[in-house]
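Take a look at the structure set out below.
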Amino acid sequence: MTVRLLAFTQKGMELARRLAAELSGEAARCGEGCTLDAWTADAFANADALVYVGAAGIAVRAIAPYVQAKTLDPAVLVIDEQGAYCIPLLSGHLGGANELALALAAAFGMEPVVTTATDRNGKWAVDVFAKKNGLLIRDMEKAKRISADLLAGKEIRIKMEDGKEAQEEPDVYIGLLEHPGWRRALYLIPKTGVLGIGCRKGVSPKQIEEAVVETLEAFHVCPECIGAVATIDRKAEEPGLLEYCREKGISLLSFSAEELSEVEGKFSSSEFVRQVTGIDNVCERSAVKASKGGKLLIPKQKKDQVTAALAVTEWSVEFEESICGGHGSGKPGTDDGKSPGGIRIL
C-alpha cells in the first residue's frame with residue numbers, strides 16, 4: 001500500500017514522520033513545497049491511502065472534488081495532531097481505510113473511530129470479504145442491498161460454485177459461471193481465468209473481442225474472471241492483441257514454442273499451426289501454462305482468424321470463523337450449513 005501523509009503544523013509534522021516511518025510512506029507539510037489542493041490531487045491519483053494529520057474539515061473539503069466511487073477511491077484517513085484519534089473518512093472497506101486505521105491505532109495507541117454500519121454492528125461485510133479473497137464485485141448496488149438486508153436482520157444465502165444445479169437462486173453467488181435465469185443474486189467472481197489466444201497476423205481488436213465474447217457465452221463463463229491473456233511469443237507484439245489487452249486493462253503473457261511444448265495435458269492439435277509456430281496448439285497450451293497448470297475450462301474455440309481457450313487456476317475463499325460457525329475456510333462444494341451473523345452457505 002502506497003501511503004502519503006500531509007500535516008499542517010510542526011507538531012503534526014512530527015507525528016506524520018513517525019507514521020510515515022511505520023508505513024514506509026511519504027510525509028509532507030502543507031505550505032512547505034506543496035499546497036493542499038496540489039498535494040491532494042496528486043496523492044488521490046497516485047497513492048493507495050491519504051492520511052491528513054489535522055482537522056477533519058480540511059480533509060473533507062480537500063478531497064471533495066476528487067471523490068468518484070467506492071470501487072475507485074483511495075483510502076482517506078484523518079488523525080488529529082495529538083495522535084488521539086484515527087478516523088477513516090473514505091473507502092473504509094474496498095480501499096482498506098478501516099483496516100489501516102485499526103493497524104495504526106494498535107501501533108500508536110490511538111482510538112480508531114470506525115463508522116461503517118456493518119463494522120459497528122458486527123455484521124459480515126461483503127465488500128471486505130471480496131477484497132480479501134480477490135473477488136470482483138459485479139454490481140455494487142446489489143452489494144449495498146446485501147449489507148442493508150444483514151443490518152435489517154435478514155438471512156443471506158451464499159452459493160459456492162460446485163458444478164451442481166442450484167435448487168434456488170442465492171443472494172450471493174461465488175464462482176465463474178453465469179446463471180442466465182438469476183436476477184437478484186450478487187456475483188462475486190474470482191479473477192483466476194487465463195485466456196489463451198492464437199490469431200492470424202493483422203487481426204483486429206474487434207475480431208478478438210467477438211471471438212472471446214462468443215466463446216465465454218457458449219460455455220456460460222463470466223467475462224470478469226479473466227485476469228490475464230496468454231499467447232506464443234511471436235504474437236506478443238501483435239497490434240490487435242495488444243490493443244485488446246489495453247482496452248480491457250489486463251496483462252499479456254507470452255511463451256516460446258519450446259516452453260509451450262513442455263506443458264503437460266491433452267490438447268487439440270493442428271499441423272498447420274505446428275508448421276507456422278513450431279507448436280501444435282497455441283491457445284490451450286498458453287492458457288494452461290500461464291495459469292500454472294490450471295484446469296482447462298474451455299477447450300480451443302475458433303472464430304474467423306482467432307482461436308481462444310480458457311484455463312482456470314484453483315481457487316478458494318476464507319470465511320471468518322465468527323461468520324461460519326467455526327468453519328474458517330470454504331472451497332467450491334463446501335457446505336457449512338446455517339451459521340450465525342445471518343449467513344447461510346447453500
Side-chain angles (χ1 to χ4, degrees), residues 71-72 94 130-140 142-143 160-161 163 172-180 182 185-199 203-233 235-255 259-260 263 265 267-268 281-317 332:
T71 55
L72 300 173
L94 289 180
K131 180 182 178 181
K132 287 184 176 180
N133 287 282
L135 305 172
L136 182 140
I137 301 174
R138 172 174 281 184
D139 189 325
M140 285 304 299
K142 288 183 178 179
M160 300 284 295
E161 179 182 303
V172 178
Y173 167 73
I174 305 172
L176 297 86
L177 300 181
E178 294 277 9
H179 297 267
W182 290 355
L186 168 66
Y187 279 71
L188 302 182
I189 305 167
K191 290 187 71 67
T192 57
V194 178
L195 184 66
I197 293 289
C199 60
V203 69
S204 70
K206 183 178 180 181
Q207 288 175 302
I208 296 174
E209 169 77 10
E210 290 175 349
V212 171
V213 169
E214 186 174 297
T215 295
L216 297 179
E217 287 182 347
F219 286 81
H220 303 291
V221 174
C222 301
E224 297 94 334
C225 79
I226 298 174
V229 171
T231 191
I232 194 167
D233 55 5
K235 293 296 179 181
E237 299 301 324
E238 186 67 41
L241 187 54
L242 288 170
E243 179 63 18
Y244 171 79
C245 291
R246 187 193 66 79
E247 290 175 354
K248 297 298 180 181
I250 50 183
S251 58
L252 176 63
L253 308 174
S254 62
F255 307 95
E259 289 176 307
L260 294 180
V263 178
F267 306 106
S268 59
N281 182 293
V282 170
C283 62
E284 293 178 347
R285 288 180 177 275
S286 60
V288 173
K289 174 70 174 177
S291 66
K292 302 185 186 304
K295 176 185 177 183
L296 188 63
L297 185 63
I298 301 179
K300 176 182 175 180
Q301 304 295 304
K302 189 177 188 302
K303 178 178 173 58
D304 299 329
Q305 302 182 60
V306 180
T307 58
L310 185 75
V312 180
T313 305
E314 184 178 356
W315 59 275
S316 65
V317 299

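Worth saying up front: this structure is predicted, and the values here are computed from it rather than measured. Residues: numbered from 1 along the sequence shown.
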Legend entry - Side chain Asn281, main chain Phe267, donor-acceptor under 3.5 Å: no
Inset, instruction - Considering non-hydrogen atoms only, spot the tightest contact between Gly196 and Ala287 and give its length. - result: N-CB, 3.7 Å
Legend entry - Nearest-0.5 Å distance, CD of residue Glu161 to CG of residue Leu177: 4.0 Å
Legend entry - Residue pair Leu94 / Lys131: nearest heavy atoms and the distance that separates them: O-NZ, 3.0 Å
Inset, instruction - Decide yes or no on side chain to side chain contact (heavy atoms under 4.5 Å, CB included) for Lys191 and Cys225, but give the supporting numbers first. - result: CA-CA 4 Å; Lys191 290 187 71 67; Cys225 79; 6.0 Å; no
Legend entry - Separation between CG of Leu252 and OG of Ser286, rounded to the nearest 0.5 Å: 9.5 Å
Legend entry - Within-4.5 Å side-chain heavy-atom neighbours: Leu136 and Leu188: no
Legend entry - From Gln207 atom CD to Asp304 atom CG, the distance as rounded to the nearest 0.5 Å: 6.5 Å
Legend entry - Electrostatic pair Glu284:Lys300 at N-O distance under 4.0 angstrom: no
Inset, instruction - Show your working on side chain to side chain contact (heavy atoms under 4.5 Å, CB included) between Val221 and Leu297 and close with a plain yes or no. - result: CA-CA 9 Å; Val221 174; Leu297 185 63; 4.0 Å; yes
Inset, instruction - Output yes when Arg285 and Glu259 qualify as a salt bridge under the 4.0 Å nitrogen-oxygen rule, no when they do not. - result: no
Legend entry - Heavy-atom check, side chain of Val212 versus side chain of Val306, under 4.5 Å: no
Inset, instruction - Quick one: pull up CG in Asp233 and CZ in Phe255 and give me the separation to the nearest 0.5 Å. - result: 10.0 Å
Inset, instruction - Apply salt bridge (charged side-chain N to carboxylate O under 4.0 Å, His left out) to the pair Glu314 and Lys295, showing each step before the final yes or no. - result: CA-CA 8 Å; Glu314 184 178 356; Lys295 176 185 177 183; over 6 Å; no
Legend entry - Side-chain heavy-atom pair Leu135, Tyr187 within 4.5 angstrom cut-off: no
Inset, instruction - Evaluate the side-chain proximity of Ile174 to Val317: yes if any heavy-atom separation is below 4.5 Å, no if none is. - result: yes
Inset, instruction - Answer whether the closest heavy-atom distance between the side chains of Lys302 and Cys283 falls below 4.5 Å. - result: no
Legend entry - Ion pair check, Lys206 and Glu243, cut-off under 4.0 Å: no
Legend entry - Nearest-0.5 Å distance, OG of residue Ser316 to CG of residue Asn133: 7.5 Å
Inset, instruction - Measure from the side-chain N and O atoms of Gln301 to the backbone N and O of Pro299, and report whether any donor-acceptor pair falls under 3.5 Å. - result: yes
Inset, instruction - Might you point out which heavy atoms bring Leu242 and Ala236 nearest each other, and give the distance in Å? - result: CD2-O, 3.4 Å
Inset, instruction - Given side chain to side chain contact (heavy atoms under 4.5 Å, CB included), test Leu241 with Thr231 step by step and report yes or no. - result: CA-CA 9 Å; Leu241 187 54; Thr231 191; 3.8 Å; yes
Legend entry - Non-hydrogen atoms of Val194 and Ala290 that approach each other most closely: CG1-CB, 3.5 Å
Legend entry - Close side-chain approach of Lys292 and Thr313, heavy atoms under 4.5 Å: no
Inset, instruction - Please name the pair of heavy atoms, one in Leu186 and one in Ala143, separated by the smallest distance, quoted to 0.1 Å. - result: CD2-CA, 3.8 Å
Inset, instruction - Would you sort out whether Lys248 and Ile226 count as a side chain to side chain contact (heavy atoms under 4.5 Å, CB included), showing the intermediate values? - result: CA-CA 10 Å; Lys248 297 298 180 181; Ile226 298 174; over 6 Å; no
Inset, instruction - List the atom of Val203, the atom of Glu238, and the distance in Å for their closest heavy-atom pair. - result: N-OE2, 3.9 Å
Legend entry - Test item: Val229 and Ser251 side chains (from C-beta on) under 4.5 Å apart, heavy atoms: no
Inset, instruction - Anything under 30° is parallel, anything over 60° is perpendicular, the rest tilted; go ahead and classify Tyr173 against His179. - result: perpendicular
Inset, instruction - Could you list the residues that satisfy ring pair (Phe, Tyr, Trp, His ring centres under 6.0 Å) with Tyr244, not counting sequence neighbours? - result: none
Inset, instruction - Starting at CG of Leu310, measure out to OG1 of Thr215 and round the result to the nearest 0.5 Å. - result: 9.5 Å
